Amino acid sequence: MRVVIQRVSEASVTVEGRITGQIGPGLLVLAGFTPDDNLKSLDWIARKLVQLRIFGDEEGKMNRSVQDIQGQVLVVSQFTLLADARKGNRPSYTGAAPPPVAIPLYQQFVALLETLLGQPVPTGEFGADMQVHLLNDGPVTIVLDSPEGAQG
């Protein structure tokens, strides 16, 4: 599993002119799933994500998590995060889980985050053409991959 985490002042995702999810201060999470992902890898990423200390404290040091600031999380599925562009000019997406595998992983991941945060987690729409709007705060952007031991 790979996620791109962006600290935001606000973010929203729109599908066909309709806002499917929006948040104020918190994290925009772009999530890509592999065929090897499982509950262990999802749980590892979810826990890491909500505990990452990337929000400022009273002294301006990145010392608080999204949980600490009672921020929100918006999750958007993005299979292109698993693109392999090392050969040629057309990326290969064979490392990404196909929809019948990825959709349940996506749903489980969102459910884990909702449990950990104790609040609903808005989302995009799996497989849709989405427009993502964000105001990156910092900017702070972190790429996080699940560890090898958390898969399979």
Side-chain angles (χ1 to χ4, degrees), residues 1-55 65-67 70-137 139-152:
M1 180 176 183
R2 176 172 293 150
V3 294
V4 174
I5 303 162
Q6 297 185 64
R7 187 178 76 183
V8 298
S9 298
E10 61 185 50
S12 65
V13 61
T14 304
V15 176
E16 296 178 358
R18 165 181 54 86
I19 295 175
T20 63
Q22 65 182 15
I23 61 169
L27 300 174
L28 168 63
V29 179
L30 306 174
F33 303 91
T34 73
D36 296 328
D37 288 327
N38 56 34
L39 188 55
K40 189 175 178 183
S41 58
L42 300 178
D43 186 64
W44 189 90
I45 290 276
R47 289 181 187 283
K48 179 65 81 170
L49 189 151
V50 301
Q51 295 173 4
L52 273 177
R53 297 186 315 175
I54 58 174
F55 291 89
S65 69
V66 70
Q67 284 180 313
Q70 298 177 353
Q72 298 175 289
V73 175
L74 171 62
V75 178
V76 176
S77 64
Q78 189 171 347
F79 76 94
T80 60
L81 292 178
L82 285 278
D84 183 351
R86 292 176 288 184
K87 291 183 180 178
N89 294 318
R90 179 178 290 162
S92 169
Y93 302 106
T94 59
V101 174
I103 291 170
L105 292 169
Y106 176 64
Q107 292 168 338
Q108 286 179 308
F109 180 62
V110 170
L112 281 167
L113 288 172
E114 288 178 336
T115 299
L116 291 169
L117 293 168
Q119 62 179 289
V121 172
T123 66
E125 192 173 294
F126 191 95
D129 182 23
M130 297 176 272
Q131 288 71 50
V132 180
H133 303 273
L134 69 138
L135 182 56
N136 194 316
D137 179 21
V140 174
T141 302
I142 296 173
V143 178
L144 189 59
D145 291 314
S146 57
E148 294 293 325
Q151 296 175 327

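Bear in mind that the values here come from a model prediction, so they are computed numbers and not experimental data. Side chains included, hydrogens not; waters and symmetry mates left out as well; all remaining heavy atoms used.
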**Request:** Report yes or no: does Gln119 contribute a side-chain atom to a donor-acceptor pair with the main-chain N or O of Gln70 at less than 3.5 Å?
**Result:** no
**Request:** Determine, stepwise, if the pair Thr80 / Tyr93 fulfils side chain to side chain contact (heavy atoms under 4.5 Å, CB included).
**Result:** CA-CA 7 Å; Thr80 60; Tyr93 302 106; 3.9 Å; yes
**Fill in**
Rounded to the nearest 0.5 Å, the CD atom of Glu125 sits from the CE atom of Met130 at a distance of 8.0 Å
**Fill in**
In short, Ser65 meets Val50 closest at the heavy-atom pair CB-O, 3.2 Å
**Request:** Mark yes or no for whether Asp43, through its side chain, and Arg47, through its backbone, hold a donor-acceptor pair below 3.5 Å.
**Result:** no
**Asked** Can a donor-acceptor pair be found between the side chains of Asp84 and Thr94 at a distance below 3.5 Å?
**Response** no
**Message:** How close do Val29 and Leu49 get, counting heavy atoms only, and between which atoms?
**Reply:** CG2-CD1, 3.6 Å
**Message:** I need the Leu30 CG to Arg2 CZ distance, nearest 0.5 Å.
**Reply:** 12.5 Å
**Item:** Closest non-hydrogen atom pair between Ala102 and Phe126, with its separation
**Value:** CB-CZ, 3.6 Å
**Request:** Could you walk me through whether Gln22 and Leu74 pass the side chain to side chain contact (heavy atoms under 4.5 Å, CB included) test, one step at a time?
**Result:** CA-CA 7 Å; Gln22 65 182 15; Leu74 171 62; 5.9 Å; no
**Prompt:** Could you give the distance from CG (Leu52) to CG (Leu144), rounded to the nearest 0.5 Å?
**Reply:** 6.5 Å
**Prompt:** What are the two closest non-hydrogen atoms of Thr123 and Tyr106, and how far apart are they?
**Reply:** CB-OH, 3.1 Å
**Prompt:** Rounded to the nearest 0.5 Å, how far does CG of Leu135 lie from CD of Gln6?
**Reply:** 11.0 Å
**Message:** So Thr141 and Val4, do their side chains get closer than 4.5 Å, heavy atoms only?
**Reply:** yes
**Item:** Criterion side chain to side chain contact (heavy atoms under 4.5 Å, CB included) against Val75, the qualifying member of Val13, Leu27, Leu113
**Value:** Leu113
**Prompt:** What do the steps show when you test Val8 against Asp137 for side chain to side chain contact (heavy atoms under 4.5 Å, CB included), and what is the final call?
**Reply:** CA-CA 5 Å; Val8 298; Asp137 179 21; 5.6 Å; no
**Asked** Of the non-hydrogen atoms in Ala83 and Pro91, which two are nearest, and what is the gap between them?
**Response** CB-CB, 3.9 Å
**Value rounded to 0.5 Å, distance of CG in Leu81 from OG1 in Thr34** = 12.0 Å
**Request:** Look up atom CD in Gln72 and atom CD in Glu10, then write down how far apart they are to the nearest 0.5 Å.
**Result:** 11.0 Å
**Asked** Does atom CD of Gln131 have more than 12 heavy-atom neighbours from other groups under 6.0 Å away?
**Response** yes
**Request:** Please report the shortest heavy-atom distance between Pro35 and Gly95, naming the atom on each side.
**Result:** CD-O, 3.4 Å
